[in-house]
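The structure appears right after this line, and notes come after that.
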Protein chains: 2
Amino acid sequence: MDTKQLVNTLKALADPTRLKIVSLLNHRSCCVCELVPIFGISQPAVSKHMSKLKSADLVLESRRGQWVIYSLNHERLEQVRFALGSLPDYSDEFERLAEQGLLVTCE
Amino acid sequence: MDTKQLVNTLKALADPTRLKIVSLLNHRSCCVCELVPIFGISQPAVSKHMSKLKSADLVLESRRGQWVIYSLNHERLEQVRFALGSLPDYSDEFERLAEQGLLVTCE
DNA sequence: ACTTGAAATAACCATATGGTTATAATAGCA
DNA sequence: TGCTATTATAACCATATGGTTATTTCAAGT
C-alpha cells in the first residue's frame with residue numbers, strides 16, 4: 001500500500017459515522033437499509049459513506065436479491081495497522097536537501 | 001482512547017503532508033523551519049499542520065531557544081494501531097435496535 | 001531598548017466534505 | 001408488463017479543510 005492509498009484509507013476511517021460502520025461490520029455484515037435507522041441519517045448519506053469505504057477497499061460488496069450486503073475487508077484494516085507500524089523511511093530526504101543546500105540546521 | 005479521540009487522531013494522519021511529517025519525525029525530531037523547505041509550503045501552513053498533530057497528541061513540542069522542536073509521540077501512534085485492532089463491539093447496538101423495533105431484517 | 005529570527009495567529013479564499021431532497025437504476029414479484 | 005423495495009446518483013447547501021499573506025508573539029543578541 002503506497003502513501004496515497006494509505007492516506008485515502010485513513011480519510012475513509014477518519015469520520016465518526018464511517019468508523020462506527022466499520023465497527024459494526026466487524027461484528028457482522030450489513031445491508032444499507034439496516035444501517036440507516038442506526039445512524040439516523042438518510043439512505044443516500046449511508047450510501048455515500050459505503051461508496052467511500054469501498055473506494056478505500058475497506059469493505060466488500062455483494063448483492064443478495066435487492067439488497068447489497070457490505071462486509072468488512074479485515075485484511076485491508078490490517079494493512080493500515082501494518083503501514084502505520086512501518087512508516088516510510090525519509091532519512092534520505094534530509095540527504096537530498098543537504099545536497100540542494102536546503103537543509104536548515106537550527107542549533 | 002475513545003472513539004472521538006481516535007477519529008481526531010485519524011483525521012490528523014489522513015493528510016499527505018502530515019503523514020509525511022509523521023514519517024520524518026519517526027526518523028528524527030525537527031523544528032518548523034526545517035520542514036518548510038521540505039514541503040514547499042509556507043511557514044504558517046506547516047505551523048497549522050503541527051498544531052493539528054499536537055492537538056491529536058501525535059507530536060510533542062519542546063522549545064530550544066527560538067526554535068520549537070517537534071518529536072513524534074510514538075506511544076500515541078501505537079495507541080491508534082491498537083485501537084484499529086480492537087474496534088468497539090457493537091453487538092448490543094443490534095439488540096437495542098431490535099427492542100425499539102428498528103432492526104431491519106433483510107432476508 | 002532595539003533589532004533579528006522563529007513560530008503562532010488572524011483574516012481570507014478555493015476546494016473538499018457530509019448532509020439534504022429528488023430522481024434514476026436495479027432486482028423481485030403479482 | 002407493471003408495481004414495489006432497495007440502492008445509487010444528481011444537484012444542491014453549509015461547514016470544514018488546507019493553503020495564502022499580513023501581523024503578532026516570543027526568545028536571543030547587540
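Not measured: the values here are computed from a predicted model. First the proteins, then the strands, lettered A, B, ... as listed; each starts at 1.
When the P atom of C:dG19 is taken as reference, atom CG of A:Asp15 falls 6 Å away, rounded to whole Å. Straight-line distance from the CD1 atom of A:Ile41 to the P atom of C:dT17: 16 Å, rounded to whole Å. Protein atom CG of A:Leu19 is 13 Å distant from nucleotide atom P of C:dG18, rounded to whole Å. Between B:Ile21 atom CD1 and D:dG18 atom C1' there is a gap of 12 Å when expressed in whole angstrom units. Atoms CZ (A:Arg63) and P (C:dA25) sit 14 Å apart, rounded to a whole Å. If you take CG of A:Asn8 and C1' of C:dT17, they are 13 Å apart, rounded to a whole angstrom. Rounded to an integer number of Å, the gap from A:Glu61 CD to C:dA25 C1' is 14 Å. One can place CZ of A:Arg18 at 9 Å from P of C:dT17, the figure rounded to the nearest angstrom.
Distance from the side chain of B:Lys11 is smallest to D:dT17 among D:dT17, C:dA7, C:dT20. Nearest nucleotide to the B:Gln66 side chain, out of D:dT6, C:dG5, C:dG19: C:dG5. Closest to the side chain of A:Cys33, from the set C:dA6, D:dT6, C:dA27, is D:dT6. Considering only side-chain atoms of A:Tyr70, the nucleotide from D:dT17, C:dG28, D:dT7 that sits closest is D:dT7.
Not one side-chain nitrogen or oxygen of B:Arg64 sits closer than 4.0 Å to the OP1 or OP2 atom of C:dA6.
Here the side chains of B:Tyr70 and B:Glu61 are in contact, with some heavy-atom distance below 4.5 Å. Looking at heavy atoms from C-beta onward, B:Leu24 lies in side-chain contact with B:Phe39 at the 4.5 angstrom threshold.
Of the residues in residues 42-55 of chain A, those lying under 4.0 Å from DNA chain D by heavy-atom distance are A:Gln43, A:Pro44, A:Ser47.
Note that CG of A:Asp15 and CG of A:Leu19 are 8.5 Å apart. Values are rounded to the nearest 0.5 Å. Atoms SG and CD, on B:Cys33 and B:Gln66 in that order, are 9.0 Å from each other to the nearest 0.5 Å.
A salt bridge links B:Glu34 to B:Arg28: at least one charged side-chain nitrogen sits closer than 4.0 Å to a carboxylate oxygen.
Here the options are B:Thr9, B:Leu60, B:Val22, B:Asn73, the test is side-chain contact (heavy atoms from CB on, under 4.5 Å), and the partner is B:Leu53; only B:Val22 passes.
Both B:Met1 and A:Leu77 belong to a common hydrophobic cluster when Ile, Leu, Val, Met, Phe, Trp and Tyr are linked at side-chain heavy-atom distances under 4.5 angstrom.
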